[in-house]
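In listed order, ligands and their atoms are each counted from 1. Keep in mind that the numbers below use all heavy atoms, side chains included, and drop hydrogens, waters and symmetry copies.
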Amino acid sequence: MTKSDGFRKINTAIFISGTGSNLKSLIKYCSKKNSTYKINLIISNNRKAKGLIYAKKYKIDKKVVNYKNRYIAENNILNHLYKKKIKLICLAGFMKILSNKFITKFNGKIINIHPSLLPKYKGLNTHIRAINNKEKYSGCTVHYVNSKLDSGKIIMQKKVKIYKKDTPIKLANRILKEEHILYPKALKKIFFSL
Ligand code: GRF
């Protein structure tokens, strides 16, 4: 926690593996004048993650962590998090599963965004599964991370209609736009519980 402009800001790390469009939307939200969050660190398991460009662009520290061995990788990450006094972790397209040990160390302080209306369609390939099952709606969910994949307490959800002619890509793009709105809203919602 740091004091800035008279109010507390929560030191936050964002974990990514790819494009980083959610990272970008979180950076924009957190850079607003009255924001109560400060993004101090970006962690990626993938040195080629496109989202890493935002570290440079917005002058945020980044660490690329070699994930050949998860135990070593997580210890490295924990060291970076402690050094930066991180109080909240936002997973944003992070494609590695965190160990129970890691999750326990940040219990209740790790959140994730998932492109489905959880508890439906946990895991990967959510859009094609929702379309094939002839769902009328899909959407996105921000939730706390616990030891079971995509199963932690739900913070917020946004429904998105599935059209008859939808392809997984079209649906993914429409949902992604909503993700960029939902994730900052979820941060706002949980602030007082952190
Ligand atoms: C998003 O759809 C998110 O819900 C999922 O992975 C995707 C990441 O996209 N977990 P981006 O890297 O934030 O653009």
Practice task
If a pair satisfies side-chain hydrogen bond (donor to acceptor under 3.5 Å, both in side chains) and one of its residues is in residues 59-70, list it, with sequence neighbours excluded.
Solution key: Asp61-Lys84
Practice task
Answer yes or no: does an N/O atom from Asn112 fall short of 3.5 Å to an N/O atom of ligand 1?
Solution key: no
Exercise for the section: Classify the ring geometry between Tyr29 and Tyr37 as parallel (under 30°), tilted (30 to 60°) or perpendicular (over 60°). Expected result: tilted
Practice task
Flag the pair Glu135 and Lys120 as a salt bridge only when some basic side-chain nitrogen lies within less than 4.0 angstrom of an acidic carboxylate oxygen.
Solution key: yes
Problem - Pairwise distance OG(Ser138) to CD(Glu178) - rounded to 0.5 angstrom - result: 11.5 Å
Problem - Sub-4.0 Å heavy-atom contact, Gly20 with ligand 1 - result: yes
Handout entry: Contact check, Pro115 vs ligand 1, heavy-atom distance below 4.0 Å
Key = yes
Exercise for the section: Taking all heavy atoms of Leu149 and all of Gly123, pick out the closest pair and write down the distance. Expected result: CD2-CA, 4.0 Å
Completion exercise
of all protein heavy atoms, closest to atom 14 (O) of ligand 1 is Ser21 OG, 2.5 Å
Handout entry: Pair Asn46, Ser17: side-chain N/O donor-acceptor within cut-off below 3.5 Å
Key = no
Problem - Interatomic distance, Leu187 atom CG to Met156 atom CE [nearest 0.5 angstrom] - result: 10.5 Å
Handout entry: Proximal ligand 1 atoms for Thr19, defined as those under 4.0 Å from one of its heavy atoms
Key = 12 (O), 14 (O)
Exercise for the section: Could you check which of His180, Glu178, Glu179, His127 puts a non-hydrogen atom nearest to atom 2 (O) of ligand 1? Expected result: Glu179
Handout entry: Numbered atoms of ligand 1 (with element) below 4.0 Å of Gly93, judged on heavy atoms
Key = 6 (O), 8 (C), 10 (N)
Exercise for the section: Find all atoms of ligand 1 within a distance of less than 4.0 Å from any non-hydrogen atom belonging to Leu176, and give their numbers and elements. Expected result: 1 (C), 2 (O)
Problem - N or O contact, Ile113 vs ligand 1, cut-off under 3.5 Å - result: yes
Problem - Single hit among Leu171, Asn173, Asp166 for side chain to side chain contact (heavy atoms under 4.5 Å, CB included) with Ile169 - result: Asn173
Problem - Protein contact of atom 9 (O) of ligand 1 - nearest heavy atom, named by residue and atom, plus distance - result: Asn22 ND2, 3.9 Å
Practice task
Consider ligand 1: state whether an atom of it lies below 4.0 angstrom from any non-hydrogen atom of Ile16.
Solution key: no
